[in-house]
There are 2 protein chains.
Amino acid sequence: MSLATIPDPDGRQTADDRTQAIRDHLRDAIVDRRLAPGTKLTETEVGALFNVSRTMARSALQMLSFEGLVRIERNRGAFVANPDPGEARQVFAARRLVEPGIAAAACAQATPRDLARLRAHLADERRHMDLRGPSARRAEIKASGEFHLLLAEASGNQILHRFMEELIARSSLVIALYGRSGASSCGHDEHGGIVDALERRDAAAAQALVVRHIDHIEADLDLDQGRTTSLKAALSSLRPT
Amino acid sequence: MSLATIPDPDGRQTADDRTQAIRDHLRDAIVDRRLAPGTKLTETEVGALFNVSRTMARSALQMLSFEGLVRIERNRGAFVANPDPGEARQVFAARRLVEPGIAAAACAQATPRDLARLRAHLADERRHMDLRGPSARRAEIKASGEFHLLLAEASGNQILHRFMEELIARSSLVIALYGRSGASSCGHDEHGGIVDALERRDAAAAQALVVRHIDHIEADLDLDQGRTTSLKAALSSLRPT
DNA sequence: GCCGCCCGGATCGCATACAATCGCTGCGTT
DNA sequence: AACGCAGCGATTGTATGCGATCCGGGCGGC
C-alpha cells in the first residue's frame, strides 16, 4: 500500500525540509508512472502516506503544480498531470529551444569533474539498457533524463538547470504517456556522442547532436493518437479509475 | 505605511486566489524596488499588510522564492532577493539563450492580435519615455519587461512564457540594482525594430535584434562594482536597514 | 577588559481546528 | 420516468496554537 517511505520516519535525521522529500518522492512516482496521470491526490491521503499533516502534503502538491506535474483545481483537489499532445509538443518545443544553448554553454564551462560525472552516468545508462521489462524501461527513462540534467549542471547556470529540471520531469511524463516502447533505447549512443563533443569543446557539434537527439526522442512519440474529438480530450481529464 | 492594498479588502470580488494576488503585489513591489533587496519579509507582517493570516503570507512568499525573487532561510525568514553580479550574469545568460528562440517562434506563430498588442505596448512605452524622474524610470523598466513578456506570449508556448516571466522579474530586479541610469531608455527603438521584424516574419532579423537588445541591456549594467572581496559579498546578504 | 556562555524574545515549522465550497444522492414534483 | 432541488458527506481554504530553532544581549569567568 505504501507508495514510498520517508527515509527516516521519526523525522529527525532528514534535517531540513520534509516537504521537499515528499515532493521528490511524489515526483518520482509520477515520472515513473507509479501514479497514473489523472489520479486524484487528496491532501489527507498524501499526508497519511508520508505520516505528515495536510499542511505539508498541500505544500508539496503546490510545488509540483508549479512544475506542471500536478494540476490543482480550486476547491476540487490535485490531480496528476495528464498532458495532452499539445502540451507535450510545447514541452519539446521548449527543450528544442533551450537545450542546444545549454550544450553550447556546457562546452565552454564544463569542468573535468562535470565530464567525469557525465561519463560515469553513461556507464549507468548502459547498465540499464541491458535489462528488459517495464521496470527497466522506467529506469531507462529516468536515467536518460538525468543525463540531460547533468548536462544542464555542466553549463554552470543554476537558472537553466532549474528550467531543465522542470522540462525533464514533464518530458518523462510525456514519454511514459506517448512513447512507442520500441526505439526509446536509441538514445544512449547519442548521449555518448554529446559527451565526446563536450570533451573536444566542439560547441557546434554538441548543439547539432543535441538537436538531433531531441528530434529522435520526439519522433518516437505518438502525439496523434488522441485526435478523435474534443470530447475525448475533455474526458481524458477525468480519473481513469 | 501601506505597501499596497488588495483591490477588494473584504475579499469577495477577488474571486479565485487571494494568495495569488498577494504574490503579485509583492512581486510588483520587489521589481519596482519599493521593497529594497535584503529586506526581511516577516510572515506575520506580510499577513497583516494584506489582512490575511500567516498561512497565506507564507504561501505567497514560497511562490516568490520559487521565482527567485525571495530567498527563504530555514527558521530565519524570507528576504527580498539581493542578486550578486554572478547571479545577474546567469539571469542574462539564460535570457540570451532563451529569448532569440522565442523571437523566432513568435515570428512563426504570432497572430495579428499578438502583433496588435505589441504595437499598442510600444505606444505605452513611448508615453513612459517622455516622463522623467525615478518613478518614471521604474515604470519604464516595468513596461520594458512587459514587452518581452508579450513577445513570449506571441510565441504561443505557455512553458516558455512562464520561464520568461521569471527571467523578466529577475532582470528587472537586476537592472534596478546594477543599472546605470543614463542609457536605459535606448531600449525602445529596439523593441520597435523587433516588432517590425515580426511583422515581416523575418525570423533571422528578429533573433539578431533580440540578441543585440539583450547585449545593450546587459552592457548598461555595472556588474563589477562589488568586486572588492568575498567578505563584501557575504555582507551584502544582510539587511541594509 | 575581553571572551565565551546562557537565557529571553522573536520567528518559523508543523499540526490541528474551524469554515466554506463542491459534487452527489435521494426525494419530490411534473 | 425524467428533471430539478435540497441536504449531506467529502475535501479544500484559511486561521490559529504550540513547540522548535535561531539570534542577540547580559552576565560571569579569565
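Treat the numbers as computed from the prediction; the structure is a model and nothing was measured. Chain letters run A, B, ... following the sequence lines, proteins first and then strands; every chain starts at 1. Reckoned from all heavy atoms, side chains included, excluding hydrogens, waters and symmetry mates.
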- In terms of heavy-atom contacts, B:Arg34 and B:Asp28 come closest through NH1-O, 4.2 Å
Expressed in angstrom and rounded to an integer, what is the separation of [X] atom [atom1] from [N] atom [atom2]?
{"X": "A:Arg18", "N": "D:dG19", "atom1": "CZ", "atom2": "P", "value": "16 Å"}
{"X": "B:Ile22", "N": "D:dT14", "atom1": "CD1", "atom2": "C1'", "value": "11 Å"}
{"X": "A:Gln20", "N": "C:dG13", "atom1": "CD", "atom2": "C1'", "value": "14 Å"}
{"X": "A:Lys40", "N": "D:dA10", "atom1": "NZ", "atom2": "P", "value": "12 Å"}
{"X": "A:Phe79", "N": "C:dC22", "atom1": "CZ", "atom2": "P", "value": "14 Å"}
{"X": "A:Glu43", "N": "C:dT21", "atom1": "CD", "atom2": "P", "value": "16 Å"}
{"X": "A:Arg58", "N": "C:dC14", "atom1": "CZ", "atom2": "P", "value": "16 Å"}
{"X": "A:Asp17", "N": "C:dG13", "atom1": "CG", "atom2": "P", "value": "7 Å"}

- Go through D:dA15, C:dA15, C:dC14 for me and flag the one nearest to the A:Val52 side chain. C:dA15
For [N] and [X] - does any side-chain N or O of the residue sit under 4.0 Å from the phosphate oxygens OP1/OP2?
{"X": "A:Arg76", "N": "D:dT11", "answer": "no"}
{"X": "B:Thr55", "N": "D:dT14", "answer": "no"}
{"X": "A:Arg54", "N": "C:dA15", "answer": "no"}

- Pair B:Asp17 + B:Arg23, salt bridge at N-O below 4.0 Å: no
- Of A:Ile159, A:Leu150, A:Val98, which is the lone residue that meets side chain to side chain contact (heavy atoms under 4.5 Å, CB included) with A:Met164? A:Val98
- Message: Within the structure provided, determine whether B:Thr19 and B:Val52 are in side-chain contact (heavy-atom separation under 4.5 Å).
- Response: no
- Name the residue closer to the 5' end of DNA chain C, choosing between A:Met56 and B:Thr42 according to the nucleotide with the nearest heavy atom. B:Thr42
